[in-house]
Amino acid sequence: ASEFNLSETAFIVKTKKGYHLRWFTPVTEVRLCGHATLASAHIIFQHLDYPNPDIVFTTQAAGDLIVSKSGSAYLMDFPADKPKAFDDPKLQDIFKAEVKESYRGMDDILLILSSEDEVLDCNPDYRKIGDLDARALIISAPGKETDFVSRVFAPACGIDEDPVTGSAHTLMTPYWSARLNKQELTAAQVSKRRGDLICRIKGDRVLLTGSAVTVFKGELII
């Protein structure tokens, strides 16, 4: 993972029930990762001749994750992360924008801002974010063309800004579902690379739909 130097690198091993899955940033292992799970499922379905409609991924700390083909996209079934009210005076110093609400999940801190423009315009202090006791800091607001938008910063994991973060949406989806009184929501992570997702709350699970493409194939010689 350090050699690839991507936000996360996924490692899969075939098992009797599906695949065992672990994720690593360039500097650490993470409990849950969405886009690397999506990429893993895409490779298994498209390139490994997987015969079943669903893939069961067993993980170290997030339980079983199920990914299904949904037309040209993939549906990921993840555990919901319930946001809990959280206050830390240091959070307001990180951004010029006013923090309206702040929450904490199992791994990340979630800050609610007023508008999509404020999320786009944020130029955070990565050092201060890295000093927080959290895997990542998420900022989110109502979207102009989607139900909500977000950006995710994780300098403590070696990632100043993550392009798309499925695991962060397991925390944001319960919040925005309750606030907007909607079970299914559209979301955009408005990083430079941007990612669009469909998020649905289903009891204590979050269903995320996204797409993937194969960029390159190679052989790692160790």
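Because the structure is predicted, anything quoted here is derived from the model rather than measured. Quick note: residue numbers are just sequence positions, from 1.
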I'd like to check [X] versus [Y] (side-chain heavy atoms, cut-off strictly below 4.5 Å). Are they in contact?
X	Y	answer
Ile159	Glu8	yes
Ser114	Glu98	no
Asp64	Thr59	no
Lys144	Asp117	yes
Asp108	Leu137	no
Met76	His35	no
Phe153	Ile139	yes

Report the distance from atom OG of Ser177 to atom CE of Met172, rounding to the nearest 0.5 Å.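 Taking OG in Ser177 and CE in Met172, the distance rounds to 13.5 Å.
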Does atom [atom1] of [X] have more than 12 heavy-atom neighbours, drawn from other residues, nucleotides or ligands, at distances under 6.0 Å?
X	atom1	result
Lys182	NZ	yes
Lys14	NZ	yes
Arg193	CZ	no

Flag for Asp162-Ser7: side-chain donor and acceptor within less than 3.5 Å: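 Side-chain D/A pair, Ser7 to Asp162: present.
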Whether the Glu101 and Tyr175 side chains hold a donor-acceptor pair (N or O, under 3.5 Å, no angle test) is what I'd like checked.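 Indeed, the side chains of Glu101 and Tyr175 share at least one donor-acceptor pair under 3.5 Å.
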Exam field: side chain Thr165 to backbone Ser167, donor-acceptor pair closer than 3.5 Å: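 No, the answer is negative, given that no donor and acceptor are paired below the 3.5 Å cut-off.
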Which donor-acceptor pairs under 3.5 Å do side chains of residues 44-52 form with protein atoms, sequence neighbours excluded?
{"from": "Gln46", "atom 1": "NE2", "to": "Tyr74", "atom 2": "OH", "distance (Å)": "3.4"}
{"from": "His47", "atom 1": "NE2", "to": "Thr214", "atom 2": "OG1", "distance (Å)": "2.7"}
{"from": "Tyr50", "atom 1": "OH", "to": "Asp54", "atom 2": "O", "distance (Å)": "2.9"}

Indicate every side-chain donor-acceptor pair of residues 18-25 with a distance under 3.5 Å to a residue at least two apart or in another chain.
{"from": "His20", "atom 1": "ND1", "to": "Thr58", "atom 2": "O", "distance (Å)": "3.1"}
{"from": "His20", "atom 1": "ND1", "to": "Thr58", "atom 2": "OG1", "distance (Å)": "3.1"}
{"from": "His20", "atom 1": "NE2", "to": "Gln60", "atom 2": "OE1", "distance (Å)": "3.1"}
{"from": "Arg22", "atom 1": "NE", "to": "Glu29", "atom 2": "OE2", "distance (Å)": "2.8"}
{"from": "Arg22", "atom 1": "NH2", "to": "Glu29", "atom 2": "OE1", "distance (Å)": "2.9"}
{"from": "Arg22", "atom 1": "NH2", "to": "Glu29", "atom 2": "OE2", "distance (Å)": "3.3"}
{"from": "Trp23", "atom 1": "NE1", "to": "Cys33", "atom 2": "O", "distance (Å)": "3.4"}
{"from": "Trp23", "atom 1": "NE1", "to": "Thr37", "atom 2": "OG1", "distance (Å)": "3.1"}
{"from": "Thr25", "atom 1": "OG1", "to": "Val27", "atom 2": "N", "distance (Å)": "3.1"}
{"from": "Thr25", "atom 1": "OG1", "to": "Thr28", "atom 2": "N", "distance (Å)": "3.0"}
{"from": "Thr25", "atom 1": "OG1", "to": "Thr28", "atom 2": "O", "distance (Å)": "3.2"}
{"from": "Thr25", "atom 1": "OG1", "to": "Cys157", "atom 2": "O", "distance (Å)": "2.8"}

